[in-house]
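All figures in this text were calculated on a predicted structure; none of them were measured in a lab. Both backbone and side-chain heavy atoms feed into the values below; hydrogens, waters and symmetry mates do not.
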Amino acid sequence: MGIQQFIKQNNFLKKLVHYLLIPQEQARPRTWVKLFVNPFFHQKGKSAVICKYTRMDVLPFQQFALGDFSTIEDFATVNNGVGPVIIGNYTRIGIGNVIIGPVQIGNNVILAQNIVMSGLNHQYEDIALPISKQVVTTKNIHIGDNSWIGANAVVTAGCIIGKHCVIGAGAVVTSNIPDYSIAVGNPARIVKQYNFTSKNWEKV
């Protein structure tokens with residue numbers, strides 16, 4: 001049995017480790033974790049940039065990786081508390097984005113401003129408990145290579161956006177979007193797909 005599994009199965013140790021890593025009722029790690037622990041657990045690729053005013057709520061017990069020549073812009077928030085966040089090469093995470101794992105973003109992806117994508121959901125089965133105490137569920141979000149997501153879009157838990165896709169500004173993605181598609185609206189619907197015979201984007 002690995003040390004992580006051992007800690008997870010021991011309620012006292014689990015609470016102790018959590019307290020040492022994160023202040024009570026907070027999401028961001030303690031400063032000593034950011035400075036002395038995370039650099040040994042997380043991957044930051046060649047010439048990758050995390051801007052000064054980015055909020056990195058990343059912890060060592062889940063994976064965080066930022067690929068070569070990728071950038072996370074100022075005022076974005078990245079959280080891997082309940083699932084890994086993996087970002088590919090030559091990808092740009094725009095100003096004010098919120099990314100909560102589990103999320104996997106491919107290569108050459110552009111996320112515009114103020115996009116929210118969260119692989120996390122709170123259930124609400126027991127109304128005697130506040131939302132913060134409810135069971136947490138996760139479903140992986142995957143963004144394919146060479147895709148572009150417009151400003152203020154929302155991508156919900158479990159959605160797969162294929163490669164070479166365009167998601168319009170303000171769209172709310174609640175289901176999978178296949179490769180080479182353009183989707184807009186709330187909920188997002190496919191309006192165009194690329195036709196390799198005519199070599200044009202054609203209306204659906």
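Each ring pair (Phe, Tyr, Trp, His ring centres under 6.0 Å) pair with one or both residues in residues 84-109, not counting sequence neighbours, appears once here: F69-Y90. Sorted by first and then second residue, the ring pair (Phe, Tyr, Trp, His ring centres under 6.0 Å) pairs involving residues 135-191 (not counting sequence neighbours) are H164-Y180, Y180-F196.
Looking only at side-chain heavy atoms (C-beta outward), T77 and N97 stay at 4.5 Å or farther from each other. No side-chain heavy atom of I177 sits under 4.5 Å from any side-chain heavy atom of I160. At a threshold of 4.5 Å between non-hydrogen side-chain atoms, the residues I167 and V173 count as touching. Between I105 and I93, the closest side-chain pair of non-hydrogen atoms falls below 4.5 Å. Residues Q43 and Q63 have side chains in contact (heavy-atom distance under 4.5 Å, counting atoms from C-beta outward). Contact of the V78 side chain with the D57 side chain is not registered, since no non-hydrogen atoms from C-beta on lie closer than 4.5 Å. P187 is not listed as a side-chain neighbour of V172, based on a closest heavy-atom distance of 4.5 Å or more. Side-chain contact between I72 and L66 is present, with heavy atoms from C-beta onward closer than 4.5 Å.
For the side chain to side chain contact (heavy atoms under 4.5 Å, CB included) with K163, the qualifying choice from I143, N146, D179 is D179, the only one to do so. When V98, I149, V85 are each tested for a side chain to side chain contact (heavy atoms under 4.5 Å, CB included) with M117, only one passes: I149.
Connection of F36 to I22 is established within a shared hydrophobic cluster, with ILVMFWY side chains joined at heavy-atom distances below 4.5 Å, either directly or through further cluster members. Hydrophobic clustering keeps L59 apart from I87 (ILVMFWY residues linked when any side-chain heavy atoms are closer than 4.5 Å, directly or through intermediates). Hydrophobic clustering (ILVMFWY, side-chain heavy atoms < 4.5 Å, transitive): I190 and Y194 are in distinct clusters. Clustering ILVMFWY residues whenever any of their side-chain heavy atoms sit less than 4.5 angstrom apart, transitively, puts F61 in a cluster other than the one holding M56. I110 and I50 end up in different hydrophobic clusters when Ile, Leu, Val, Met, Phe, Trp and Tyr side chains are linked at under 4.5 Å.
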Exercise for the section: Applying side chain to side chain contact (heavy atoms under 4.5 Å, CB included), run through V204 and V191 and close with a yes or a no. Expected result: CA-CA 5 Å; V204 174; V191 293; over 6 Å; no

Practice task
May I have the step-by-step check of salt bridge (charged side-chain N to carboxylate O under 4.0 Å, His left out) for E73 and R92, ending in yes or no?
Solution key: CA-CA 8 Å; E73 296 280 6; R92 181 170 294 271; 2.3 Å; yes

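Although no hydrogens or angles enter the test, the distance criterion places a donor-acceptor pair under 3.5 Å between the side chain of N79 and the main chain of G81. Of the possible polar contacts, one joining the T91 side chain to the V109 backbone as a donor-acceptor pair under 3.5 Å is found. Between the N195 side chain and the S198 main chain, a donor and an acceptor come within less than 3.5 Å of each other. Without hydrogens or angle criteria, N89 side chain to D68 main chain gives a donor-acceptor distance under 3.5 Å. A donor-acceptor pair under 3.5 Å is formed between the side chain of S70 and the backbone N or O of G88.
Considering all non-hydrogen atoms of both residues, V58 and P29 come closest at O-CG, 3.4 Å. The shortest non-hydrogen separation linking D126 to Q134 is O-NE2, 2.6 Å. Here the closest heavy-atom approach between residue D145 and residue N107 is recorded as OD1-N, 2.8 Å. Across all non-hydrogen atoms, the minimal contact from I99 to L111 is CD1-CD1, 4.1 Å. Pairing each heavy atom of G162 with each of S147, the nearest pair is O-OG, 2.7 Å. G119 approaches I141 most closely through the heavy-atom pair N-CD1, 3.7 Å.
Around atom CD1 of I127, no more than 12 heavy atoms belonging to other residues, nucleotides or ligands sit under 6.0 Å away. Annotation: K34, atom NZ; neighbour count of heavy atoms from other residues, nucleotides and ligands within 6.0 Å is above 12.
Here the CD-CG distance, from Q104 to N140, works out to 6.5 Å after rounding to the nearest 0.5 Å. A distance of 7.5 Å separates CD in Q113 from CD1 in I115, rounded to the nearest 0.5 Å. Rounded to the nearest 0.5 angstrom, Q193 CD and C165 SG are separated by 8.5 Å. Residue C159 holds its SG atom at 6.0 Å from CG of N176, rounded to the nearest 0.5 Å.
Apart from I95 itself, the hydrophobic cluster it occupies contains Y53, F75, where clustering links Ile, Leu, Val, Met, Phe, Trp and Tyr at side-chain heavy-atom distances under 4.5 Å.
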